[in-house]
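Written below as structure tokens is the structure these notes are about.
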Protein chains: 2
Amino acid sequence: MAGVEVPFPGARKRPPSQADVAMLAGVSAQTVSRVANGLSNVDGQTRERVLTAMRELGYQRNSAARALVLGRFHMLGVISFDLSAHGNARTLAAISRAAQAAGYSVNVAYAEKPTEDAVQQAFFQLTGQAVDGVVVIEAQILDRQGLHLPSAIPVVVADGAQNSPFSSVDNNQAAGAGAATQHLLDLGHRTVWHVGGPEDSYSARRRAAAWRGTLTQAQAPVPPQHSGDWTAASGYRIGTELAARDDVTAIFAANDHMALGVMLALHEAGRDVPTEVSVVGYDDVPESACFIPPLTTVHQDFEEIGRQCVGLLLDQLDAGVGSAQAVVSVAPRLVVRASTGPPPAA
Amino acid sequence: MAGVEVPFPGARKRPPSQADVAMLAGVSAQTVSRVANGLSNVDGQTRERVLTAMRELGYQRNSAARALVLGRFHMLGVISFDLSAHGNARTLAAISRAAQAAGYSVNVAYAEKPTEDAVQQAFFQLTGQAVDGVVVIEAQILDRQGLHLPSAIPVVVADGAQNSPFSSVDNNQAAGAGAATQHLLDLGHRTVWHVGGPEDSYSARRRAAAWRGTLTQAQAPVPPQHSGDWTAASGYRIGTELAARDDVTAIFAANDHMALGVMLALHEAGRDVPTEVSVVGYDDVPESACFIPPLTTVHQDFEEIGRQCVGLLLDQLDAGVGSAQAVVSVAPRLVVRASTGPPPAA
DNA sequence: TCCGCCGGGCCTGGGGCCAAG
DNA sequence: TCTTGGCCCCAGGCCCGGCGG
């Protein structure tokens with residue numbers, strides 16, 4: 001099938017192999033391998049000939065064969081639930097960037113639901129697809145009992161339960177949610193109402209817990225919690241209820257989109273933000289600075305989170321699976337804009 | 001971490017191979033292979049023994065070895081520029097889902113800039129990483145001259161130049177932008193101003209062209225075009241300029257986030273939306289229904305777009321590279337909400 | 001004799017082909 | 001005819017041995 005070879009539908013040209021390059025350069029395959037790996041024990045002239053032949057044929061190493069013999073795939077797996085959520089998408093982008101910089105590719109597995117079953121399935125897909133390690137983004141409750149790992153490969157959890165047996169990057173939701181709540185209390189609000197994320201989200205639970213803790217510590221009353229599903233629509237729905245109550249002067253929403261929905265509901269109810277009701281969000285999505293009014297929110301450094309995930313994973317890869325579990329914390333920070341202010345003088 | 005096995009740093013347990021399974025089941029590796037591939041010519045008893053042994057050892061096929069011998073990787077590559085853009089993230093998610101359903105994995109390569117160089121680099125990374133085909137999301141100007149493909153693998157472009165030599169899924173931006181512009185004209189506006197995306201974006205250019213074309217066809221004056229960078233901040237900046245002009249009564253922004261910025265600028269300038277100025281966006285990001293006021297915009301079916309990308313790619317894989325270039329169009333639709341209305345009675 | 005450079009043989013995990021039971 | 005195993009190949013890396021200066 002060589003030489004004359006007339007390409008016809010269904011026929012894929014076999015990519016050039018080391019042997020082809022060797023033939024053209026008049027050396028052995030072994031020498032080609034050495035050049036490809038940048039080893040020093042090759043004569044300058046020879047190396048040049050080989051490189052020329054490579055260029056001429058458009059040679060690329062066959063990663064499958066390489067992975068087979070080396071036992072390393074230079075590929076990281078990422079399991080994510082909801083890529084339409086801003087934070088997850090940003091984290092994935094950052095992971096991808098960091099991995100690329102370290103010479104790794106990223107294999108994305110999409111878990112439809114945040115159940116352990118779905119994660120496990122995604123996990124199998126990834127290990128079956130040859131990855132050296134896995135990052136789980138926005139994990140729900142994961143423990144090793146639930147998650148039965150087929151082969152021991154390193155796992156890093158971004159923003160998962162801190163009591164899991166895996167290394168993790170902790171977005172320090174507690175600090176962020178605490179700061180948001182405290183900010184409102186400091187402005188003079190008697191208490192703060194919370195529009196939380198879905199019950200099965202670990203992030204949502206931590207934010208709610210920090211909100212409650214901050215109120216308790218300040219000896220402020222703890223209003224009943226409302227739970228949305230991260231969408232603006234759910235924020236709007238809950239906001240409509242809250243807008244009807246006179247005693248609501250400060251609302252902390254668990255993400256910016258729900259805060260947006262809350263603000264629309266308040267607007268429609270004729271309650272001004274921030275003079276009558278203050279609203280704080282979480283995430284600092286880029287457009288939150290252009291909400292009406294610009295939103296006070298908690299900024300998360302997704303870039304850093306992604307970078308840390310890759311860093312931890314690579315550390316574990318180098319150190320071996322037995323290596324110690326590590327937890328890295330990435331600090332959020334409160335960004336004060338125009339949606340918060342003192343409560344109306346009663 | 002069970003039984004005798006004492007894991008120590010640096011030691012990765014070699015995953016079980018067919019040979020190990022064969023040994024345990026008392027058959028040949030060949031038979032194990034047959035069972036793994038679900039071939040029928042295996043005795044029921046034997047198959048059972050093999051399956052049991054597989055479970056016991058936690059056997060998973062080595063995809064590297066499989067890819068090596070089959071020449072197929074069962075992996076698709078995706079090249080994307082900006083995953084923080086909602087549409088791109090959604091498309092990636094949909095691609096990932098569709099690929100998974102077809103038994104393929106997705107390898108994401110991140111191109112920092114939308115230059116041909118960056119794409120080419122990402123391309124090499126992917127082909128070097130063993131993919132069967134590539135989807136380029138939100139391509140800029142790509143032609144085969146610029147993009148030198150190392151080995152002939154199928155490529156599908158989502159939303160790229162329609163004169164490219166690749167198969168593509170066309171979001172029909174022209175129809176969407178035309179409908180948006182026409183909607184405003186139909187409401188009685190004398191003309192429509194446009195806040196465009198970045199110059200180097202193909203999507204942005206098509207939306208702008210359709211806007212201009214619709215105005216021309218309606219014999220409406222064509223105002224100077226302003227170009228932002230998709231961010232709400234850029235929309236705000238341009239919006240500030242537009243808000244200062246009395247003759248601006250209708251604005252079509254090339255995406256929802258810029259529309260949001262425009263609306264904030266109008267709000268700050270004391271110009272009401274929609275009674276004084278109408279605003280239309282593009283994308284229909286989920287939260288746009290909760291903007292103040294809820295945004296009239298053009299809905300894009302990213303789920304369908306992703307599905308079509310994978311479909312085209314798989315078709316090409318089955319048909320061979322020589323197969324005809326295909327173009328599939330996914331229709332957007334106008335969603336009318338509360339940000340548009342007739343112009344103020346002059 | 002030693003060292004720099006190069007090639008042969010063998011190994012990785014799995015699947016196709018063919019022959020044997 | 002149906003089931004099973006032996007052999008070879010996929011592409012590339014490592015060990016070792018050899019050749020020459």
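Proteins come first, then strands; the chains are lettered A, B, ... in the order of their sequence lines, and each starts at number 1.
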message: On the nucleotide dC6(C), are OP1 or OP2 found under 4.0 Å from the side-chain N or O atoms that Asn41(A) carries?
response: no
query: How long is the line joining CG of Asp20(A) and P of dC10(D), in whole Å?
result: 11 Å
Polar contact flag, side-chain donor to acceptor under 3.5 angstrom, Gln125(B)-Gln121(B): no
field: Length of the CG-P vector between Asn62(B) and dG13(C), whole Å
entry: 7 Å
- prompt: On a plain distance test, is the side chain of Gln30(B) in donor-acceptor contact with the base of dG16(C) below 3.5 Å?
  reply: yes
- prompt: Taking side chain as C-beta onward, heavy atoms only, is Ile95(B) less than 4.5 Å from Val310(B)?
  reply: yes
task: From the options Arg49(A), Glu56(A), Met54(A), select the one residue that forms a side-chain contact (heavy atoms from CB on, under 4.5 Å) with Thr52(A).
output: Glu56(A)
- request: To the nearest Å, give me how far apart CZ (Phe73(B)) and P (dA11(D)) are.
  value: 10 Å
query: Once you round it to whole Å, what is the distance between C1' of dC19(D) and CG of Asp43(A)?
result: 15 Å
message: Between C1' on dG16(C) and CZ on Arg72(B), what's the gap in Å once rounded to a whole number?
response: 17 Å
field: Ser33(B) side-chain N/O to dG15(C) phosphate OP1/OP2 under 4.0 Å
entry: yes
query: Asp43(A) side chain to Gln45(A) main-chain N or O, any donor-acceptor pair under 3.5 Å?
result: yes
statement: Asn37(A) has its side chain closest, among dC14(D), dA11(D), dG14(C), to dC14(D)
query: When you measure from the side chain of Leu70(A), which nucleotide among dA11(D), dG13(D), dG13(C) comes out closest?
result: dG13(D)
Phosphate OP1/OP2 of dC5(C): any Thr46(A) side-chain N/O under 4.0 Å: no
- prompt: What is the nucleic acid contact for Arg34(B), judged by heavy atoms within less than 4.0 Å: base, sugar-phosphate only, or nothing?
  reply: base
- request: Look at Arg61(A) and dA11(D) and indicate whether a side-chain polar atom (N or O) is within less than 4.0 Å of OP1 or OP2.
  value: no
- request: Assign Val27(B) to base, sugar-phosphate, or nothing according to its heavy-atom contacts below 4.0 angstrom with the strands shown.
  value: sugar-phosphate
query: Phosphate oxygens OP1/OP2 of dC5(C): is one of them under 4.0 Å from a side-chain N or O of Thr31(A)?
result: no
statement: The single option from Gln325(A), Gln316(A), Gln308(A) that satisfies side-chain hydrogen bond (donor to acceptor under 3.5 Å, both in side chains) with Ser167(A) is Gln316(A)
query: What integer distance in Å separates Leu39(B):CG from dT4(D):C1'?
result: 13 Å
- request: Specify the separation, in whole Å, of atom CE of Met23(A) and atom C1' of dG7(C).
  value: 15 Å
task: Mind calculating the distance between CD (Gln18(A)) and C1' (dG13(D)) to the nearest angstrom?
output: 8 Å
Closest to side chain of Leu68(A), choosing from dT12(C), dT4(D), dG15(C): dT12(C)
task: Compare side-chain N and O positions of Ser17(A) against OP1 and OP2 of dA11(D) and report whether any pair is under 4.0 Å apart.
output: no
message: Side chain of Val42(A), heavy atoms from C-beta onward: which of dA11(D), dC6(C), dG15(C) has the nearest atom to it?
response: dC6(C)
task: Verify, without hydrogens or angle tests, whether Asp132(A) (side chain) and His74(A) (backbone) share a donor-acceptor contact under 3.5 angstrom.
output: yes
